[in-house]
Amino acid sequence: MSDDVAQTYLDELNEAQREGVINTDGPSMIIAGAGSGKTRVLTYRIAHLIRHHNVDSFNIMALTFTNKAAREMRTRIERVVGTDARNIWMGTFHSVFARMLRAEASKLGFPSNFTIYDTQDSKSLIKSIVKEMRLDDKMYKPNVVYNRISGAKNRLVSWQEYMSNPVYKADDQENGKPEMGNIYKTYVNRCVKSDAMDFDDLLFNTNVLFRDHPDVLNKYQHRFHYIMVDEFQDTNISQYVITRKLASVRQNICVVGDDAQSIYGFRGADIQNILNFEKDYPDLRVVKLEQNYRSTQNIVNAANSIINNNKAQLRKSIWTENEAGHQLELIKATSDNEEGKLVASAIFEEKVNNLLKNSDFAILYRTNSQSRSMEEALRRMNIKYKVFGGLSFYQRKEIKDILAYLRFAINQNDEQALRRIINLPKRGIGASSIDKIVVAAYDHDISFWEVITNIHSFLGGRVADAIRDFATTIRSFMISAQNKDAFEAASHIAKNSGLLKELYEDKTVEGLNRYENVQELLNAIKEYVDNPEVTEKNLGSFLQEIALLTDNDDDKKNNDDAVTLMTIHSAKGLEFKMVFIVGMEEDLFPSQMMLSSRADLEEERRLFYVALTRAEKRVFLSYALNRYRFGRLKTCEPSRFLEEIDPQFIRQNSSVSSRTSQTNNNYARNLVNGINHQKKRAFVQKTSYQPSTDFKPSDTTNLIEGMKVEHPKFGFGTVTQMDIQGSQRKAKVDFDEVGEKTLLLAFAKLKIHN
DNA sequence: GCGTAACCTGTTTTT
DNA sequence: CAGGTTACGC
């Protein structure tokens, strides 16, 4: 690139942006408001380093939070500097440090082909640990335990520190979970035994690596002369410490972020990192990008009027020179289905009136489950759409099953993979046999695989033979994983595991779908192998490649002209001409889970801010007065956020809603009354204990101790004790004729008497 | 050990 | 609603 071109790109920038690009040395922080050209500054900064300071791309590290952001940045940099950018270490925190850990794995006692456990794997491991420890699984739910462990790791608290920390101990005691520390310890040990790391381990263990191996740290400190972090407001402590250590020699660290867009608190992101940053780097240069180039004045002002309700924020003022634009439009609906219809027809109308493409529209929601009603309405109106998020391709059962085989062919210590495949397809190896293998492995302090390969010294009979055959199959898979390329190995394994055959024989619609999915997986592997840029073509490297992918990374989705449906979280960093934010209802957005603390409400508000600032031209907000949630129709209140918007920026009686509002209101009233009516009837039935006219399986809410009941076989009796065993409720009844019986309430035909 | 029927439970966002 | 769990009969 000539100096002319260099001058051109600097000319494109405003003063603040230029400052962000050219001050490359020393620590700097760029506070970048929404739509202020943040990515442009970051890419030009890197281009500037390479072009004007002759920095080798080998010495640059650029960290993002999503694969999509990383890819976007790479293509944009390549557009400016071409292939000179190819050696930049650029990617998500997780993928970059996974790569580093693979290179240094032996120092931590891991093999370099360690497995990465996804959330599902982690939770099912926790589940089996809780079961083995004979703890109450109602108290130690996998979700809760996982979040607790994850939180600890993100704060760099090891299990040793966790167990010796009186604050955690007291906290767990108070919550009735005194064994949490022990579970944490066992969980970590089991991961190590499985040669596996979970998502948080990738960062935690990088910290361990840097702490315990100064030579390794030193090597990377001198390798990375320039470090850049995008979306800095989303870093957790673990990530922050990694970057601080890496930058401590050269001090050339540049972080870009916006405290108003911090929406990953639940993942341990800590706004404090922005504040600490000034303390850790006293000669920090701070640049604020405050001019918004994306949205109309109305959208910017409305967004500001929302975010100003938050107490915790850095002072900055986002402004724009763009046109005033339309007010935000409010769409009121009586049900989620009607909401879908109104949104779809609004899209249709706007599309026709303004000659827009499908891809100019996005429908954003708080939870993935909200996509359903939108999808239906769009399908009916024949509008093409694409849904991001939700269950990713790689999380589908049939795909995870195949992947478990592939994983196990690479790593025989992978416990979660083994549990998944040992009896799939059915080989007559049931739960009790698996328990025996676990026990044998513990008794002799050997791996599951060692038990399986010597099964006849532990077990006899048909099951042992089945396990031996399984081991033989796996051995052949191990050989093909080693000797063949990823595609050949995967095809061999899919065929000979019996999974493909089983799916092929399932001729139901879902079965066909599953079979196609597996074929698609094989195609993806084929593509991977055929890609000339890929140097390592074996199965292990393919698995490493996909371990950190999410549904939002599907490239195929990015080329179609289709309306985008996604959660607000995944919309961060994107922009659309018109944005629909749906489900603006109290308890849904802001989420009811969040109402426990003020800080959490502020994060919800930032989420709303993010959603609004995705839009260039127009924003539509919609809510439904009735919505199906978890199979139940629920009446809803409009979100408090609707009232927080300064009224001058929002149009209350839009054409869309006024057309239908009168009938809607009547309909809604009837609907609500109907529901209340039904609820009332149910209430009467449940609490009045009318003698049943017939013998029925008892309603569990009706039956209480001391109640008189009649049973068709045992006659009259009195309930002496109610009991919950597992997930089922039981009642002990003392019958006048036959004495005490325990009845499973789900099946017990009883008449209840007053 | 397996298939089936009935039951329970969560109901937030993502690498 | 969907995914997971349990009891029961074979």
Side-chain angles (χ1 to χ4, degrees), chain A residues 63-70 91-98 116-120 122-124 127 131 137-138 141-144 147 150 153-154 197-203 231 234-236 238-239 262-269 364-370 372 388-392 394-395 397 423 425-434 461-463 466 547-553 566-572 583 587-595 600 603-604 606-607 610-611 627-634 697 700 724-730 744-747:
Chain A
L63 299 168
T64 63
F65 277 80
T66 61
N67 297 305
K68 193 186 266 171
T92 63
F93 270 92
H94 289 86
S95 67
V96 163
F97 294 111
I116 296 176
Y117 275 176
D118 66 15
T119 314
Q120 270 182 47
S122 299
K123 284 179 185 169
S124 80
K127 204 168 159 188
K131 203 171 162 192
D137 57 0
K138 293 267 172 341
K141 292 180 182 165
N143 255 323
V144 175
N147 287 334
S150 171
K153 284 182 184 169
N154 287 333
M197 297 193 196
D198 66 17
F199 288 139
D200 304 311
D201 286 333
L202 296 175
L203 306 170
E231 306 280 14
D234 292 333
T235 48
N236 57 40
S238 181
Q239 291 161 326
S262 167
I263 55 174
Y264 283 103
F266 68 92
R267 211 170 67 185
L364 307 182
Y365 34 77
R366 180 65 234 268
T367 67
N368 277 307
S369 60
Q370 285 168 258
R372 239 170 212 290
F388 290 84
L391 201 59
S392 105
Y394 291 104
Q395 286 170 5
K397 185 187 173 298
N423 197 27
K426 296 267 184 306
R427 302 185 169 87
I429 307 169
S432 64
S433 305
I434 295 172
R462 262 214 318 263
V463 183
L548 296 168
L549 286 184
T550 69
D551 185 51
N552 297 339
D553 301 324
M566 56 170 52
T567 62
I568 302 168
H569 279 90
S570 22
K572 192 158 69 154
D587 289 355
L588 184 59
F589 188 29
S591 156
Q592 61 178 14
M593 312 286 292
M594 284 298 188
L595 295 184
D600 290 341
E603 178 154 324
E604 293 287 294
R606 291 194 292 270
L607 204 50
V610 169
R627 178 181 298 280
Y628 273 97
R629 286 239 259 168
F630 322 113
R632 292 252 155 265
L633 194 58
K634 190 178 171 293
T700 51
I724 300 174
Q725 193 190 62
S727 58
Q728 309 241 342
R729 275 156 222 259
K730 295 185 174 185
L744 187 59
L745 286 183
F747 305 111

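Order of the sequence lines sets the chain letters (A, B, ...), proteins ahead of strands, with each chain counted from 1.
- Within the nucleic acid shown, Asp118(A) has no heavy atom closer than 4.0 Å to any nucleic acid atom.
- A residue-by-residue look at Tyr264(A) and Asn423(A) shows that Asn423(A) has its nearest nucleotide of DNA chain B further toward the 5' end.
- Across all strands shown, Arg606(A) has no heavy atoms under 4.0 Å from either base or sugar-phosphate atoms.
- Between the NZ atom of Lys634(A) and the P atom of dG10(B) there is a distance of 17 Å, rounded to whole Å.
- Ser95(A) comes within contact range of no nucleotide atom at all, as no heavy-atom separation falls under 4.0 Å.
- The side-chain heavy atoms of Glu231(A) and Thr64(A), taken from C-beta on, include no pair separated by under 4.5 Å.
- At the heavy-atom level, Phe93(A) lies nowhere under 4.0 Å from the strands shown.
- Rounding to whole angstrom units, CG of residue Asn147(A) and P of dT12(B) are separated by 11 Å.
- Nucleic acid contact for Asn143(A): sugar-phosphate only, since backbone atoms but no base atoms lie under 4.0 Å from a heavy atom of the residue.
- In this structure, Arg629(A) reaches neither bases nor backbone, as no heavy-atom distance under 4.0 Å exists between it and the strands shown.
- For Ile568(A) and dT13(B), the CD1 to P distance is 11 Å, given to the nearest whole Å.
- Remark on DNA chain B: of its neighbouring residues Ala431(A) and Thr567(A), the 5'-side contact belongs to Ala431(A), judged by nearest-heavy-atom nucleotide.
- With sequence neighbours excluded, the residues satisfying ring pair (Phe, Tyr, Trp, His ring centres under 6.0 Å) with Tyr264(A) are Phe266(A), His569(A).
- Phosphate proximity of dC1(C) to Ser369(A): absent, as no side-chain N or O sits under 4.0 Å from OP1 or OP2.
- Regarding Gln592(A), its CD atom lies at a distance of 11 Å from the C1' atom of dG10(B), rounded to whole Å.
- Rounding to the nearest 0.5 Å places CZ of Phe388(A) at 12.5 Å from CG of Asn368(A).
- Side-chain contact check for Asp587(A) versus Arg629(A): some heavy-atom pair is nearer than 4.5 Å.
- One atom, CG of Asp198(A), and another, P of dT14(B), lie 18 Å apart when rounded to the nearest Å.
- Among the nucleotides dC2(B), dG10(B), dG1(B), the one closest to the side chain of Lys141(A) is dG10(B).
- Atoms CG (Asp587(A)) and C1' (dG10(B)) sit 16 Å apart, rounded to a whole Å.
- An OP1 or OP2 oxygen of dG1(B) is reached within less than 4.0 angstrom by a side-chain nitrogen or oxygen of Ser433(A).
- If you measure from atom CG of Asn154(A) to atom C1' of dT14(B), you get 12 Å, rounded to the nearest angstrom.
- Side-chain proximity of Thr92(A) to dC2(B), dT15(B), dT14(B): nearest is dT15(B).
- Residues that satisfy the ring pair (Phe, Tyr, Trp, His ring centres under 6.0 Å) test with Tyr117(A), not counting sequence neighbours, are absent from this structure.
- Looking at Asp137(A) and Lys131(A), no side-chain N of the basic residue comes within less than 4.0 Å of a carboxylate O on the acidic one, giving no salt bridge.
- Between Arg372(A) and dA2(C) there is a side-chain N or O to OP1 or OP2 distance below 4.0 Å.
- The phosphate of dT13(B) (OP1 or OP2) has a side-chain N or O of Asn368(A) nearer than 4.0 angstrom.
- The residue Thr119(A) sits close to a base: some heavy atom pair falls under 4.0 Å.
- For Phe199(A), the side-chain atoms get nearest to dT15(B) when compared with the rest of dG1(B), dT12(B), dT15(B).
- Distance, Arg366(A) CZ to dT12(B) C1': 5 Å, rounded to whole Å.
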